[in-house]
Amino acid sequence: MVERKKQMARDKVSQLVNWGHWFAFFNGFLAMIVGARYLSSVGYPESLIGWSYLAISTISHFSFLAFIVYVVFLFPATLLLPYSKILRGYGALIATLGLCVLLYDTLVYDDYGIHLSPFAFDLAWTDLNAILGSTSYIATPIAIILIELTAANFIWKRVTKIEKKQLGNKAIAIIGVCFIASHLVHIWADASDVTQITRFDDTYPLSYPATARSFMESHGIEGASISSKSYQTKARKLSYPIAPLQCQAQEQLNVLIISIDGLRADMVNAQTMPFMTQYQQNNKQFTEHFSGGNQFESGMFTLLYGLQGNYSDRKEFFHTPPVMTQVLAQQGYQQAIFLPQENADTFAHKDIFYGVEVHTSQSDEGSAKTDIQSINKFTEWQSKQDSHWFSLVNLTATKHYDTPVGFLGIETIKPHIDIKPAQKVLYNQYRQSLFFIDQQLAKLLSDVDDQTVVIITGTHGQVFSSNPTEVNQNLSPGNVKVPFVMHLPNTAADTVKYRTSNYGVVPTIMGQVLHCTNPVTDYSSGYSLLEPNEQSWIYIGNSRTFAIYQENEITVLDRHGKYRIYDINYDKRLKRKMSAPELIQVMREGRRLYNQ
């Protein structure tokens, strides 16, 4: 009799476990329905291969999430409280909470572009009314729990019949095949740059698709030569510009932008850069100026688009040229950019230079020689122009601490900042590069007349390290605060002390040179450099890692919502919570062009 009771108890637990599996399977299906909201944020696939990958990825991912919830919450309860009524109610409650969290995550992702995390939760809680939008989300949990209770009872009554049909093994096999296939397809897509697949990498929460590019390359397996351009798909509807531009140049001035990679604001002085120091004094110099990024890609993107660097990662902008160069072309400007080959390769298959002549330079003797080539090519090109023109010259010797062989530099000095002994060598070598670049600026501008609008700035700053990873992740003032000087014809010299950034270059040219009458918000995240603005923050970086520079603090965030707060000099980490109102503005601005 005792043995029979034990067997009955085991049978009951086994039946409850079977019920739990099918209940989890049902909730995986519901999670897929809720998860479809993520696609409205990033856009639907437009090809068979995209839909195929998304189908197998969705099935495997949400089934896996539902199974994890079952293992963590329901399976232990099945062993501790093997009572079907209690377990069905408990299971319905857990499933409802899980689906509500998933639904809330879709709302946060749609509004901010990130998934739930302590950072995102704090941000969203502050802005809860705007996110929820209506009272329908109060009734939704009630509707979900009614569905869950009905499903729990329905499955319990039929679990024995379902098991007799042996559908469980088939369901597991289908999910397993989808799981393995989705990762294998993603490995191929990552190695082959198939962006119609890899663009969904961060769409679902807790999604970590397998990659194997480095493994394949180390074994001599090359990714298929598939142009990302040929596989490009649309995501959300992009409104850039938001409204048609109304521009009419009254006086067609030539425009020259000189962007220097790795140009620190605190290193420009009469000893290291005598020409630029004098040039600043004779024109409009901006003493509190920031780049838009800490790397060439994000820095150049913000310079030409006037938009936050997180837009540069969006696939829509791969084939969307800057409105500024398009308006310049419409008004008959001849346009050309002069830059090193390695920087041009950064924007391969992207239309940031669409409609602009691209002149690349490359030298085996280093970036200093490459810069000399770029300047010579610009001088030759400019001498042949018989009408108004726009040009950008990108110099990189400072980024690489480079000078030509035999270059006579300046004496070494004690660093003005506290750095390690090994960094002191880089510090003084950097000064030699600045001295070299200063001479090249004097040569370049000697052939440019006074009626040309000239802008000299840094694409990004410089930190004294030979570790590329450290440099690319550093968002301190040394790596993002850059000099900025602008020569406007018939304008008196002036020193601007309010805070500005490279986001303001596009609005300034559009307003002062092209005389566009649209609100700046139609096409830019910045404001004209010639007047102060009320914006209390500056976004610097890309969607993977970025910093928010505020008046008294710097908040550094990553794509997973982890954040650290420093004082304004980046010297001390502060133990405080982020300023939610400013962060909400930042997140909204980063998605504003998709919400029109």
Side-chain angles (χ1 to χ4, degrees), residues 257-269 272-273 276-277 279-280 284-303 306 308-309 395-396 398-399 401 415-419 423 426-427 430-431 433-434 437-438 455-465 470-486 495-505 508 525-527 529 532-533 535-542 545-557 564-573 582 586:
I257 298 176
I258 304 172
S259 71
I260 304 170
D261 294 356
L263 185 62
R264 285 177 66 116
D266 60 350
M267 298 288 282
V268 177
N269 53 54
T272 57
M273 302 189 77
M276 184 164 174
T277 301
Y279 194 79
Q280 286 180 326
K284 294 184 74 69
Q285 62 172 321
F286 297 72
T287 59
E288 294 296 320
H289 190 83
F290 293 82
S291 66
N294 62 341
Q295 303 174 41
F296 171 77
E297 183 174 8
S298 54
M300 185 57 69
F301 181 89
T302 57
L303 193 61
Q308 287 184 185
L395 306 176
T396 64
T398 47
K399 175 183 176 181
Y401 307 94
H416 71 286
I417 53 177
D418 184 21
I419 53 179
Q423 294 175 307
L426 293 177
Y427 176 92
Y430 177 70
R431 292 177 64 250
S433 297
L434 289 177
I437 285 293
D438 189 67
I455 291 173
I456 306 174
T457 188
T459 318
H460 54 80
Q462 185 87 335
V463 290
F464 303 114
S465 172
E470 179 183 350
V471 172
N472 291 338
Q473 293 179 349
N474 189 295
L475 287 157
S476 66
N479 213 19
V480 301
K481 190 174 182 180
V482 296
F484 191 94
V485 57
M486 179 167 56
T495 298
V496 175
K497 296 182 179 180
Y498 53 80
R499 192 164 64 176
T500 56
S501 73
N502 279 351
Y503 294 112
V505 171
T508 303
S525 300
Y527 298 90
L529 297 167
N533 65 80
Q535 194 174 66
S536 61
W537 50 267
I538 297 176
Y539 180 108
I540 299 174
N542 52 37
T545 305
F546 60 94
I548 308 301
Y549 271 66
Q550 296 168 259
E551 184 177 357
N552 298 313
E553 64 188 37
I554 303 168
T555 305
V556 179
L557 306 97
R564 302 175 299 281
I565 301 177
Y566 300 90
D567 64 22
I568 197 61
N569 296 316
Y570 216 72
D571 293 330
K572 182 180 179 182
R573 186 169 175 180
E582 284 79 7
V586 170

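Applying the salt bridge (Lys or Arg N to Asp or Glu O under 4.0 Å) test to every pair with at least one member in residues 284-295, sequence neighbours left out, gives these pairs: Lys284-Asp494, Glu288-Lys481. Sorted by first and then second residue, the side-chain hydrogen bond (donor to acceptor under 3.5 Å, both in side chains) pairs involving residues 290-303 (not counting sequence neighbours) are Glu297-Lys350.
Residues meeting the salt bridge (Lys or Arg N to Asp or Glu O under 4.0 Å) test with Arg431, sequence neighbours left out: none. Residues passing the ring pair (Phe, Tyr, Trp, His ring centres under 6.0 Å) test with Tyr527, sequence neighbours excluded: none. The side chain to side chain contact (heavy atoms under 4.5 Å, CB included) search around Ser536 returns Glu582, not counting sequence neighbours. By the side chain to side chain contact (heavy atoms under 4.5 Å, CB included) test, Glu551 pairs with no residue at all, sequence neighbours left out. In this structure, Tyr503 has no ring pair (Phe, Tyr, Trp, His ring centres under 6.0 Å) partners at least two apart in sequence or on a different chain. Applying the salt bridge (Lys or Arg N to Asp or Glu O under 4.0 Å) test to Asp567 and every residue at least two apart in sequence or in another chain returns nothing. Scored by the salt bridge (Lys or Arg N to Asp or Glu O under 4.0 Å) test, Lys399 finds no partners at all (sequence neighbours excluded). The ring pair (Phe, Tyr, Trp, His ring centres under 6.0 Å) search around Tyr427 returns His416, Phe464, not counting sequence neighbours. Residues satisfying the side chain to side chain donor-acceptor pair (under 3.5 Å) test with Asn474, not counting sequence neighbours, are Ser476. Residues satisfying the ring pair (Phe, Tyr, Trp, His ring centres under 6.0 Å) test with Phe290, not counting sequence neighbours, are Tyr549.
From Leu434, atom CG reaches atom CE of Met273 across 5.5 Å, with rounding to the nearest 0.5 Å.
The environment of CG in Asp571 is crowded: more than 12 heavy-atom neighbours from other residues, nucleotides or ligands sit within 6.0 Å.
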